[in-house]
Student: 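Sharing a structure here in structure tokens format.
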Amino acid sequence: MEIVRCVSCDGYGWFEEDGQAEDCDWCGGIGYVYRDADGVDQRIPRADYAAVSERLEALEAERLREMGYKGGARKPWEQDVRKARGKLLRPDDDPLA
């Protein structure tokens with residue numbers, strides 16, 4: 001299956017409304033989904049994250065460049081939106097736990 005940008009959140013993984021940040025229900029907050037041969041999108045299972053992490057990082061770097069960003073992606077524990085929600089996912093955290 002192909003990995004594509006979530007059409008619901010356009011790769012952001014979340015929405016902010018009235019000062020509240022919420023994960024995208026469609027992609028589960030990662031900004032990308034699987035697309036099958038019939039063009040049907042589905043959430044990427046957590047069990048697949050390790051296997052697709054390099055592809056997700058490349059897609060995210062590409063999305064940031066499209067927006068004109070010239071730096072690197074911010075780590076989850078450096079993102080204000082995640083700090084506010086307590087979802088920091090530090091490198092020593094088990095993302096599949």
Side-chain angles (χ1 to χ4, degrees):
M1 279 201 250
E2 180 182 16
I3 298 175
V4 298
R5 195 176 301 170
C6 176
V7 296
S8 180
C9 66
D10 195 31
Y12 285 91
W14 53 275
F15 297 96
E16 186 172 339
E17 191 170 314
D18 299 328
Q20 293 283 68
E22 297 289 330
D23 283 346
C24 175
D25 289 335
W26 205 340
C27 66
I30 64 168
Y32 298 89
V33 294
Y34 281 141
R35 179 167 292 157
D36 68 17
D38 295 324
V40 177
D41 293 349
Q42 65 184 33
R43 187 180 289 190
I44 299 171
R46 292 180 70 77
D48 290 4
Y49 286 2
V52 299
S53 64
E54 286 185 34
R55 179 67 182 138
L56 291 172
E57 288 292 330
L59 289 167
E60 185 62 5
E62 180 181 315
R63 184 180 75 86
L64 290 170
R65 279 192 303 277
E66 287 173 9
M67 293 188 312
Y69 188 71
K70 297 191 185 334
R74 293 176 74 190
K75 305 298 182 195
W77 56 91
E78 298 170 343
Q79 299 172 5
D80 290 338
V81 67
R82 292 186 184 270
K83 288 178 187 177
R85 294 182 302 184
K87 295 182 179 182
L88 302 179
L89 296 176
R90 293 194 178 278
D92 55 347
D93 290 345
D94 178 7
L96 302 178

Student: For V33 and V7: C-alpha separation, side-chain torsions, deciding distance, then whether side chain to side chain contact (heavy atoms under 4.5 Å, CB included) applies.
Tutor: CA-CA 9 Å; V33 294; V7 296; over 6 Å; no
Student: Could you measure the distance from the OG atom of S53 to the CG atom of D48? Nearest 0.5 Å is fine.
Tutor: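 Output value for this atom pair is 11.0 Å.
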Student: Nearest 0.5 Å, please: how far is CD1 in I3 from CD1 in I44?
Tutor: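 Spacing of CD1 (I44) from CD1 (I3) equals 4.5 Å.
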Student: Would you check if the side chain of R43 reaches a backbone N or O of D25 as a donor-acceptor pair within less than 3.5 Å?
Tutor: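 Here the side-chain-to-backbone pair exists.
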Student: Pairs in or reaching into residues 29-40: which pass salt bridge (Lys or Arg N to Asp or Glu O under 4.0 Å), with residues at least two apart or in two chains?
Tutor: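 Sorted pair list: R35-D41.
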Student: Is the OH atom of Y12 crowded by more than 12 outside heavy atoms at less than 6.0 Å?
Tutor: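 Atom OH in Y12 is not crowded, with 12 or fewer foreign heavy atoms closer than 6.0 Å.
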Student: Report whether L56 and V4 are members of the same hydrophobic cluster (ILVMFWY, side-chain heavy atoms less than 4.5 Å apart, transitive linking).
Tutor: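 Hydrophobic grouping puts L56 apart from V4.
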Student: Which atom pair, heavy atoms only, marks the closest approach of Y32 to C27?
Tutor: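 Closest heavy-atom pair between Y32 and C27: O-CB, 3.7 Å.
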Student: Salt bridge or not for R63 and E60, using N-O below 4.0 Å?
Tutor: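 Between E60 and R63 there is a salt bridge, with a charged N closer than 4.0 Å to a carboxylate O.
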Student: Determine, stepwise, if the pair Q42 / M1 fulfils side chain to side chain contact (heavy atoms under 4.5 Å, CB included).
Tutor: CA-CA 10 Å; Q42 65 184 33; M1 279 201 250; 3.2 Å; yes
Student: Can you name the residues that form a side chain to side chain donor-acceptor pair (under 3.5 Å) with E66, not counting sequence neighbours?
Tutor: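 Expected list: R5.
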Student: Establish whether V52 and I30 are linked, either directly or via other cluster members, by ILVMFWY side-chain heavy-atom contacts under 4.5 Å.
Tutor: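 As far as the 4.5 Å side-chain criterion goes, I30 and V52 are connected within one cluster.
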Student: What I'd like to find out is whether the side chain of F15 reaches to under 4.5 Å of the side chain of C9, using heavy atoms alone.
Tutor: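 Yes - at least one pair of side-chain heavy atoms lies under 4.5 Å apart.
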Student: Of all the heavy-atom pairs spanning A21 and W14, show the shortest one and how long it is.
Tutor: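 Scanning both residues completely, I find the closest heavy atoms to be CB-CE3, 4.3 Å.
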